[in-house]
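Got a structure for you, written out below as structure tokens; questions coming shortly.
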Amino acid sequence: MANPISLPLQQRIPRKNILQRVKDLIIFLLLLSLLLYRFLTLRNHGVPWLLAFLCESWFTFIWVLNMNIKWNQFEYRTYPERLLQRGVELLPPVDIFVTTADPVLEPPIITVNTVLSLLALDYPANKLACYISDDGASPLTFFALVEASKFAKLWVPFCKKYDIRVRAPSVYFSGKPEASPVDLSSDFGGDWKRMKIEYEQLKQRIEEVVESPIPCDLAGEFAAFSKIDRRNHPSIVKVIWENKGNLPDGLPHLVYVSREKRPKHPHHNKAGAMNVLTRVSGVMTNSPFMLNVDCDMFANDPQTVLHAVCLLFGFQQEKESAYVQFPQAFYGTLKDDPFGNQLVVLQEFAGRGIAGIQGPLYAGTGCFHRRKVIYGLSPDEADINLGRKLSRLLLNVEFMKSASEILAGVKEKMDDPPALDDSTTLEAAIQVASCGYERDTYWGTKVGWVYGSTTEDVLTGLKIHSKGWNSVYMTPDPPAFLGSAPSGGPACMTQQKRWATGLFEVLFNNYSPILPFRTTRLMFRQRLAYLYLNVWSIRSVPELCYALLPSYAIFANKQFLPTVSEAAFFLPVALFITFNLYTLSEFLRCGLTIRAWWNNQRMARIISATAWLFGLLGVILKLLGLSETTFEITRKDQDTPNDSDTEVDAGVFTFDESPIFVPGTALLLVHMTALAVGLLRVQSWLNINGSAGYGLGEIICSIWVVLSFLPFLKGLFRKGIYGIPTSTIYKSAALALLFVHLSLGASKN
């Protein structure tokens, strides 16, 4: 029998994708052929032809970036049983970070379920510590966590006794009673009913407090929340539960943190909260590894930590696994992905593709980090630089001591755990959570999560890769974490706008992938992978321009596509058919439906013309010094649809008064008008007389745009949240009329 220490903990497996490479190259050659034809015939056509050439040049560039990402795809397999054979005492401690910011947009019961799933992980409890960052400084959230800690004393033993897989009680109790085949004793039925009753009582207590005008008595342990202003308050650090006996089968530490906020101090949104959690945990438990999850992302696989440790310990060199990123997956998802935000295909192909370069981008949740990497250590940095590193972190004696242990590599186990409620420890934690602690340090630049973007996750991962570290993409079955995907138009647009804004901001940061002298250790192909995401907002301009070209051609009676009688008409037709079959094949390979493919295709058009466009405008205004970008929290849905009627309603596109819906509505009105005009000029677009005006291609393209914006078309005739507000229709109509007027003017000229 082989020595368990000699057996590998992980295996890197390449995926066969020769056929996909061939399809990539076919589309690339079709794009080049179309560009060559455009270029050779530029003199024979007008402005629409030139605009089409420029837009298609951009699309070709984007396709090159896309090919780069998907060219080499890899996946990993882990062996947690081999890790356990080496001895439980050798498992490293892990600090867990959960972030929440608003008890209204992120209901406390969601955070509670996430925390309960993390406390019940299959990992020694004395090697786990869970920290919750509450940027809302809400007594509701604190109350919910205190109540959750009481319920956890029943829930965690129940999960481990019966080997329950899904350990978020809201999801577990939404289905039938289920236990592992290893224990189907007669006690299970009774225990299950008792646990369900206990959870319903917990949920009721939390809901009563949330709905009460006076949430709770702000005395005793709640005194810190008395007369508190969420934007102006001191640091609050409270140990809700401490595993004082250092018991491996007990409950992990549970600590509540609300960092200090002052009006004149920037708080840097989630990045600032993560840096505070890093420092607070550093003076309290100081684990060498850290897991961070969003408040709605519960642990779906109890062995998730074991899988991650296999990858953190499974390479000969630490530089191969600076962090381990698990993909974002969602529970209670709507059928056929009506809002195109479940990310299945993107993560299946692009995620595994980036894993074959320098490793996945940091996604902001479901990620295990090496603490010393977050502290700014490079892979080949020697211990002689320890003093210089500490100068970036100091201002607190306790934190300096903990940081020196991490940077020197001597902190790998927790033999003599500190007392979390010790006055010295709590004072140190409160100090490092103060808003002025980072002044005159490298926090937010060279140390910790990086400031300067609303997508602090991608920027922080870019900094890590720029230092020469690699990262690992782990896709276990079942998924390690499950969260809630936004539903409804406003929530989806808010999320997409924040992503587009933050990704574009990265291009103007010191760690920008287009600045090689600041990111010398970033592989060239990894730069291109980052660039593919960084230009999301820029893509809105050529895509919107290209979407307007068919209508412009109809109004101005001009041509932007080859006519049916030309042999070159085959090029755009072949490209259109090949590309759509290519994307459809990806969805089918992921087990998705044709309807899901279509929903994602139309949402891609809608998002580029709305959310991405506003993300671009927001960054431009920031660069001009006219405004600042804001971190908009996405509303988390507390309930998931359980019946078909509810699901149908949940899948219908919704609107609000936000100006983000104006461009999409205006684009729809323009094309509806163009089609009406086109139908009145049947002889022209059939090109019976061989005129140089628009033809069948422009009409088909215009119909395609209308079909892509079908949710907006339906919204014109619906009421309430399912209808486009009248003010939005008026603004859109004004823009559409202006475009029609300019187009007709071009026709006369």
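Position 1 is the first residue of the sequence; numbering continues from there.
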Checklist entry - According to the interplanar angle, ranging from 0 to 90°, do the rings of W499 and W536 count as parallel (below 30°), tilted (30 to 60°) or perpendicular (above 60°)? => result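 Rings of W499 and W536: tilted, 30 to 60°.
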Item to check | Any side-chain donor near an acceptor of the partner, R589 and Q20, under 3.5 Å | outcome: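 Yes.
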Checklist entry - Among side-chain atoms of E456 and S453, is any donor-acceptor pair under 3.5 angstrom? => result no
Checklist entry - Could you give the distance from CG (L613) to CD1 (I607), rounded to the nearest 0.5 Å? => result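 Between atom CG of L613 and atom CD1 of I607 there are 13.0 Å.
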Next on the checklist: Go through it in stages, so that I can follow the logic: the residues are E566 and T563, the test is side chain to side chain donor-acceptor pair (under 3.5 Å), and I'd like the CA-CA distance, side-chain angles, deciding distance and then a yes or no.
Outcome noted: CA-CA 5 Å; E566 296 179 81; T563 61; 3.1 Å; yes
Checklist entry - Can you check whether L25's main-chain N or O pairs, donor with acceptor, with W63's side chain at less than 3.5 Å? => result no
Checklist entry - Is atom OH of Y582 surrounded by more than 12 heavy atoms (other residues, nucleotides or ligands) closer than 6.0 Å? => result yes
Item to check | Spacing of L31 atom CG and F579 atom CZ [to the nearest 0.5 Å] | outcome: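 Between atom CG of L31 and atom CZ of F579 there are 9.5 Å.
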Next on the checklist: For a quick test of reading the model, state the closest non-hydrogen atom pair linking K622 to E628 and the distance between them.
Outcome noted: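 The pair with the smallest heavy-atom distance is CE-OE1, 3.9 Å.
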Checklist entry - Is a side-chain donor-acceptor pair under 3.5 Å present for R525 with N72? => result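 Yes, a side-chain donor-acceptor pair sits under 3.5 Å.
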Next on the checklist: Checking side-chain polar atoms at under 3.5 Å, does N269 have a donor or acceptor matched by the opposite partner on Y451?
Outcome noted: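 Note: N269 and Y451 side chains miss the donor-acceptor criterion.
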Checklist entry - Below 4.0 angstrom, N of the basic side chain to O of the carboxylate: do K70 and E348 qualify? => result no
Checklist entry - Among side-chain atoms of W597 and T583, is any donor-acceptor pair under 3.5 angstrom? => result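 A pair is found: one side chain offers a donor N or O, the other an acceptor, under 3.5 Å apart.
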Item to check | Check: Y530 ring centre within less than 6.0 Å of Y532 ring centre | outcome: no
Item to check | Under 3.5 Å donor-acceptor, R527 side chain and P513 backbone | outcome: yes
Item to check | Interatomic spacing from NZ in K731 to CD1 in I724 - rounded to 0.5 Å | outcome: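 K731 atom NZ to I724 atom CD1 measures 13.0 Å (nearest 0.5 Å).
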Checklist entry - Is there a side-chain contact between L616 and V541, using heavy atoms and a 4.5 Å cut-off? => result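 A side-chain contact under 4.5 Å exists here.
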Next on the checklist: Tell me if the CZ atom of R595 is crowded by more than 12 foreign heavy atoms within 6.0 Å.
Outcome noted: no
Next on the checklist: Using a 6.0 Å distance limit plus a 45 degree cone around the ring axis, check whether R38 lies over the aromatic ring of W49.
Outcome noted: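 Geometry flag: set, cation within 6.0 Å and 45°.
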Item to check | Shortest non-hydrogen separation from S537 to G615 and the atoms involved | outcome: CB-C, 4.2 Å
Next on the checklist: For the backbone of G364 and the side chain of K270, can you confirm whether one donor and one acceptor N or O come within less than 3.5 Å of each other?
Outcome noted: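 Yes.
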Checklist entry - Which pair of heavy atoms, one from A611 and one from Q496, lies closest together, and at what distance? => result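 The pair with the smallest heavy-atom distance is CB-CB, 3.6 Å.
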Item to check | side chain to side chain contact (heavy atoms under 4.5 Å, CB included) assessment of D296 paired with L482 | outcome: CA-CA 8 Å; D296 65 321; L482 291 178; over 6 Å; no
Check residues 713-720 and write down every donor-acceptor pair under 3.5 Å in which the side-chain atom is one partner and the other belongs to a residue at least two apart or another chain.
none

Checklist entry - Within the side chain of T578, is there an N or O that forms a donor-acceptor pair under 3.5 Å with the backbone of L575? => result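 Checked: no pair found.
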Checklist entry - Quick one: does F661's side chain get under 4.5 Å of F712's, heavy atoms only? => result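 Yes - at least one pair of side-chain heavy atoms lies under 4.5 Å apart.
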Item to check | Check: S658 side chain, I660 main-chain N or O, donor-acceptor pair, under 3.5 Å | outcome: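 Checking the backbone N and O of I660 against the side chain of S658, a donor-acceptor pair under 3.5 Å is found.
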Checklist entry - Under a 4.5 Å cut-off applied to non-hydrogen side-chain atoms, are I62 and L65 in contact? => result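 Yes; the side chains approach each other to less than 4.5 Å.
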Item to check | Under 3.5 Å donor-acceptor, N599 side chain and G340 backbone | outcome: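 Side chain of N599 to backbone of G340: no pair is present.
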Checklist entry - Ignoring hydrogens and geometry, is there a side-chain-to-backbone donor-acceptor pair from T654 to G488 under 3.5 Å? => result no
Checklist entry - Under 3.5 Å, side chain of T460 to main-chain N/O of V450, donor-acceptor pair present? => result yes
Checklist entry - Under a 4.5 Å cut-off applied to non-hydrogen side-chain atoms, are V458 and Y362 in contact? => result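 No - every pair of side-chain heavy atoms lies 4.5 Å or more apart.
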Checklist entry - Which atoms form the tightest heavy-atom contact between A609 and P663, and what is the distance? => result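 Shortest heavy-atom contact: O-CB, 3.2 Å.
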Next on the checklist: Please tell me whether F560 and Y552 form a close aromatic pair, meaning their ring centres lie under 6.0 Å apart.
Outcome noted: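 Not under 6.0 Å, so no.
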Item to check | G461 backbone acceptor or donor facing D457 side chain under 3.5 Å | outcome: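 No, because the side chain of D457 does not come within donor-acceptor range (under 3.5 Å) of the backbone of G461.
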Checklist entry - Which atoms form the tightest heavy-atom contact between T610 and I606, and what is the distance? => result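 Minimum heavy-atom contact is OG1-O, 2.6 Å.
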Next on the checklist: Side chains of T501 and E505, heavy atoms from C-beta outward: is any pair under 4.5 Å?
Outcome noted: yes
Item to check | From CA spacing to verdict: side chain to side chain contact (heavy atoms under 4.5 Å, CB included), T673, F555 | outcome: CA-CA 9 Å; T673 307; F555 291 133; 3.9 Å; yes
Checklist entry - Do L592 and N600 have side-chain heavy atoms sitting under 4.5 Å apart? => result no
Item to check | Validation row: H465, Y511 side chains within 4.5 angstrom (heavy atoms) | outcome: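 H465 vs Y511: side chains apart.
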Checklist entry - Hey, mind stepping through F504 and I538 against side chain to side chain contact (heavy atoms under 4.5 Å, CB included) and telling me if it holds? => result CA-CA 8 Å; F504 190 36; I538 304 178; 3.4 Å; yes
Next on the checklist: Consider side-chain contact (heavy atoms from CB on, under 4.5 Å). Of I577, L34, L30, I700, which one does P572 pass it with?
Outcome noted: L34
Item to check | 4.5 Å side-chain heavy-atom contact, F326 and C367 | outcome: no
Next on the checklist: Return the CG to CZ distance between L710 and R605, rounded to the nearest 0.5 Å.
Outcome noted: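 Here the rounded value is 15.0 Å.
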Next on the checklist: Go through it in stages, so that I can follow the logic: the residues are W704 and F576, the test is ring-ring contact (aromatic ring centres under 6.0 Å, His included), and I'd like the CA-CA distance, side-chain angles, deciding distance and then a yes or no.
Outcome noted: CA-CA 11 Å; W704 184 260; F576 177 82; 5.0 Å; yes
Checklist entry - Which heavy atom in I354 sits nearest to a heavy atom in P360, and how many Å separate them? => result CG2-CA, 3.8 Å
Checklist entry - To the nearest 0.5 Å, how far apart are CZ in R602 and OG in S708? => result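 With rounding to 0.5 Å, CZ (R602) is 9.0 Å from OG (S708).
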Checklist entry - When you check the side-chain N and O atoms of T475 and R352, is any donor under 3.5 Å from an acceptor? => result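 Checked: T475/R352 side chains pair up, N/O donor to acceptor below 3.5 Å.
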Next on the checklist: Could you check whether any side-chain N or O of T41 sits under 3.5 Å from a backbone N or O of Y37, counting only pairs where one atom can act as donor and the other as acceptor?
Outcome noted: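 Answer holds: yes.
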Checklist entry - Heavy-atom count around L621 CG within 6.0 Å, excluding the residue itself: above 12? => result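 Buried by this count: over 12 neighbours within 6.0 Å.
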Item to check | Inter-residue atom distance F653.CZ - M493.CE, 0.5 Å rounding | outcome: 4.5 Å
Next on the checklist: With salt bridge (Lys or Arg N to Asp or Glu O under 4.0 Å) as the rule and sequence neighbours excluded, what pairs involving residues 654-675 come up?
Outcome noted: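 Qualifying pairs, neighbours excluded: none.
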Item to check | Under the side chain to side chain donor-acceptor pair (under 3.5 Å) test, residues paired with Y473 that sit two or more places apart | outcome: none
Checklist entry - Would you say I18 has more than 12 foreign heavy atoms packed within less than 6.0 Å of its CD1? => result no
Checklist entry - Pick one: which of L51, V705, V670 meets side-chain contact (heavy atoms from CB on, under 4.5 Å) with L548? => result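 In the set L51, V705, V670, the residue that makes a side-chain contact (heavy atoms from CB on, under 4.5 Å) with L548 is V670.
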